[in-house]
Number of protein chains: 2
Amino acid sequence: METIEQFLESKNIRVTAMRLLIYKFLAENQVAVTLSDIENAFEKADRTTLYRTIKTFEENDIVHQIDDGTGITKYALCEKGCNCEIETDLHLHFHCNNCNETICLTEHKIPQIKVPDGFVSENVNLVVKGICDKCSGQ
Amino acid sequence: METIEQFLESKNIRVTAMRLLIYKFLAENQVAVTLSDIENAFEKADRTTLYRTIKTFEENDIVHQIDDGTGITKYALCEKGCNCEIETDLHLHFHCNNCNETICLTEHKIPQIKVPDGFVSENVNLVVKGICDKCSGQ
DNA sequence: CAATAAATGCACTTCCATTGCATAGATATT
DNA sequence: AATATCTATGCAATGGAAGTGCATTTATTG
């Protein structure tokens, strides 16, 4: 079992205390978080550092962006089954209109999207909005 | 054949010169436009007016928002087959990574998206990115 | 024509994303 | 181990887009 340090290094990301903390924060959160969420969790750290850390994670394919239509970019750790680096990857995300959380449904299979002749599909972003399992169960 | 004036009135939108111009601009553009696009087209008009006009159009269901993942809200006239007011409506939009245009593929049918147990789907936003027919034909 | 209501324009605010530059910290080189 | 070099971090500032309050103009109604 590899440590977080080893994992980051395997992705060509230098290990720093800050990066370890942010990685752990992302790992603890099943939901996609905004930069502000991270900012609130690490009040001592500068916003720019958090921003650039996320960018670094993104460039090295351990984090992906989620655009759930709220207008605020969210981020989540890539999990197995989430092959962001593959262009044809289909991101399925669910945004709960009740609790406002956005979660990745990576394990959920989606039918192939066909586009009209002449169009070349490189990337598909699918956001379903509604009520999540936690909120609907109440 | 009803005029634009009659159409707007049928949607409970008061007819003004500005609104007619903006409506015509949207009708001329097959692609989804940003507020800045409209702003550039009507430099004499105030941005707030354009903003509120679009909001009015939106509230009266003749324009719908498109979130194509560029982070900037885009707008397009609803066409027949685009039933925005129906919650289960599926918006399919195509964003060209080459010419940066976003178009509505309203006539294009999409398979039903199923969500896991416990989740309630109210709205689906699907954005396909790639190369559009115009750009791929070159 | 006067009274009322809606639309427009101006100024301002807020929020998020992003960048430049200086400094602190880590890594490599001698 | 000391120094040079490169990266990460922090601070300050900018820019873009969305949104709001208020005054003024324009349209509608009695």
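Every chain is numbered from 1 and lettered A, B, ... according to where its sequence line falls, protein lines coming before strand lines.
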Salt bridge (Lys or Arg N to Asp or Glu O under 4.0 Å) with A/K24: which residues, sequence neighbours excluded?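 Per chain and number, A/K24 pairs via salt bridge (Lys or Arg N to Asp or Glu O under 4.0 Å) with no residue.
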
Rest of the hydrophobic cluster containing A/I66 (Ile/Leu/Val/Met/Phe/Trp/Tyr, side-chain heavy atoms under 4.5 Å)?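 The other cluster members (ILVMFWY side chains, heavy atoms under 4.5 Å, direct or chained): none.
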
Other ILVMFWY residues reachable from A/V120 by side-chain steps of under 4.5 Å: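 Joined to A/V120, directly or through intermediates: B/I131.
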
If each of B/R19 and A/V15 is mapped to the nucleotide of DNA chain C with the nearest heavy atom, which maps nearer the 5' terminus, i.e. the 5' end?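 Taking each residue's closest nucleotide, the earlier one in sequence belongs to B/R19.
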
Map B/A17 and B/R47 onto DNA chain C by nearest heavy atom, then report which one ends up closer to the 5' terminus.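 Looking at DNA chain C, the more 5' nearest nucleotide goes with B/A17.
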
Determine whether a donor-acceptor pair (N or O, by modelled atom type, separation under 3.5 Å) exists between the side chain of [X] and the backbone of [Y].
X	Y	result
B/R47	B/E39	no
A/D133	B/G118	no
B/T34	B/D37	yes

What contact category does [X] fall into here, base, sugar-phosphate, or nothing, at under 4.0 angstrom with non-hydrogen atoms?
X	result
B/K44	nothing
A/T34	nothing
A/T16	sugar-phosphate
A/T73	sugar-phosphate

Chain B footprint on DNA chain D, 5' to 3' - any atom under 4.0 Å from a heavy atom: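 Boundary nucleotides touching chain B, in 5' to 3' order, are D/dA17 to D/dT28.
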
Boundaries of the chain A footprint along DNA chain C (any atom under 4.0 Å from a heavy atom):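 Listed 5' to 3', the contact boundaries are C/dC16 to C/dT27.
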
Could you walk me through whether B/Q65 and B/I54 pass the side chain to side chain contact (heavy atoms under 4.5 Å, CB included) check? CA-CA 10 Å; B/Q65 276 196 18; B/I54 288 290; over 6 Å; no

Residue closer to the 5' end of DNA chain D, B/T48 versus B/R14 (nearest nucleotide):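 Residue closer to the 5' terminus by nearest nucleotide: B/T48.
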
Apply side chain to side chain contact (heavy atoms under 4.5 Å, CB included) to B/Q30 and list each qualifying residue two or more places apart in sequence or on a separate chain.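 Side chain to side chain contact (heavy atoms under 4.5 Å, CB included) check on B/Q30 returns nothing, list empty.
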
